[in-house]
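Below: one structure, written as structure tokens.
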Amino acid sequence: MKDPRARYFRRLRRLRRSARRWSVLAAGLGGAAAVLTPYSGLGLPDAAWAAAAGGSIALAAWRWVDFRALAAEPAPPPLDPVAAGEQARAKLLAAVQRLPVGRSALDEVRRQQARFSMRGSAALGHWTRLDRASLTLSGLSSRLTGPGEPAVLEAAVAEQSLRDLAHRVASVDKALRFAPPDSRPALEEARRTLVEQLDSGVVAYERLVAAAASYVAEDGRAATEHPAVSRLTEASDMLRGVAAGLAELRDLTEPMRIPDQLRTPPQTA
């Protein structure tokens, strides 16, 4: 999104330049028509000069009217620096995401930032395990079709809930560093409960990923032989048969070899 204040003044300058340009053109054509019409008399060329001059004067007048109407409007307020920074950041992110590996690079940067925010917290290990499981599931999600599609949606909701729970644990850990001694037991008890919930949730998520991997493996495993293997076997047999046929044809068309003693011409006495 562009700055509305800059867009306003840019449009104002463009209208001023257009009005001046048409004013100069109208003055030139009007002066030429005023001089040439009495000089050569009235005729068809005079009508062309007069029409060009009149059109230029009308366009110049319209441009000045548009310029004054826009100048009478109040200019938009200056853009807030914070909002300007957010817009610049959004433009930069959009430009990076258009690159072939931009989206994956941004995802990795966000993942590292989130992991860095968990340093010193009991949720760091659970966060790392959740990251590994999430990456594994994202690689399997394209193959979870049919009955496996609802599991992908449930996993996304569960992952967001577990990440929110991990942030809660990290916040409580930070609060424990500055909490007075009389309030520490309650905070530690709440922290212990949150960690237990996070641990059980991450374990359940890892089991879901394992079940998804089993589904993908069973869905792609054939009952007897994989179709690709059978097609390759058929192609190999066909090539062997063609090679054997070519060898037999070559043996049939090859001229009979004459012994060397028969090729020696008889010697005359």
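As the structure is a prediction and not an experimental result, all values here were calculated from the model. All heavy atoms count here, side chains included; hydrogens, waters and symmetry mates do not.
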- Is R192 salt-bridged to E189, cutoff N-O under 4.0 Å?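 Yes, this pair counts.
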Shortest non-hydrogen contact from [X] toward [Y]:
X: V152; Y: S141; result: CG1-CB, 4.2 Å
X: A155; Y: L137; result: CB-CD2, 3.3 Å
X: L194; Y: V169; result: CB-CG2, 3.6 Å
X: A166; Y: A123; result: O-CB, 3.8 Å
X: S23; Y: A60; result: N-CB, 3.7 Å
X: E159; Y: S134; result: OE2-OG, 2.9 Å

Test your reading of the model: is there a side-chain donor-acceptor pair from [X] to the backbone of [Y], 3.5 Å cut-off?
X: S161; Y: A158; value: no
X: Y8; Y: E73; value: yes
X: D173; Y: A122; value: yes
X: S18; Y: R14; value: no
X: R184; Y: L176; value: yes
X: Y215; Y: R143; value: no

Please tell me whether [X] and [Y] are part of a single hydrophobic cluster in this structure, the criterion being side-chain heavy atoms less than 4.5 Å apart.
X: W62; Y: L12; result: no
X: V24; Y: W22; result: no
X: L140; Y: L208; result: no
X: V209; Y: V216; result: yes

Side chain proximity check, [X] to [Y], heavy atoms < 4.5 angstrom:
X: L70; Y: R16; result: no
X: V202; Y: E206; result: yes
X: R168; Y: L198; result: no
X: D131; Y: R163; result: yes
X: F67; Y: R13; result: no

From [X] atom [atom1] to [Y] atom [atom2], the distance as rounded to the nearest 0.5 Å:
X: S200; Y: H126; atom1: OG; atom2: NE2; value: 8.5 Å
X: R11; Y: R7; atom1: CZ; atom2: CZ; value: 10.0 Å
X: T128; Y: R132; atom1: OG1; atom2: CZ; value: 6.5 Å
X: R20; Y: W64; atom1: CZ; atom2: CH2; value: 6.0 Å
X: L130; Y: L135; atom1: CG; atom2: CG; value: 9.5 Å
X: E196; Y: D199; atom1: CD; atom2: CG; value: 8.5 Å

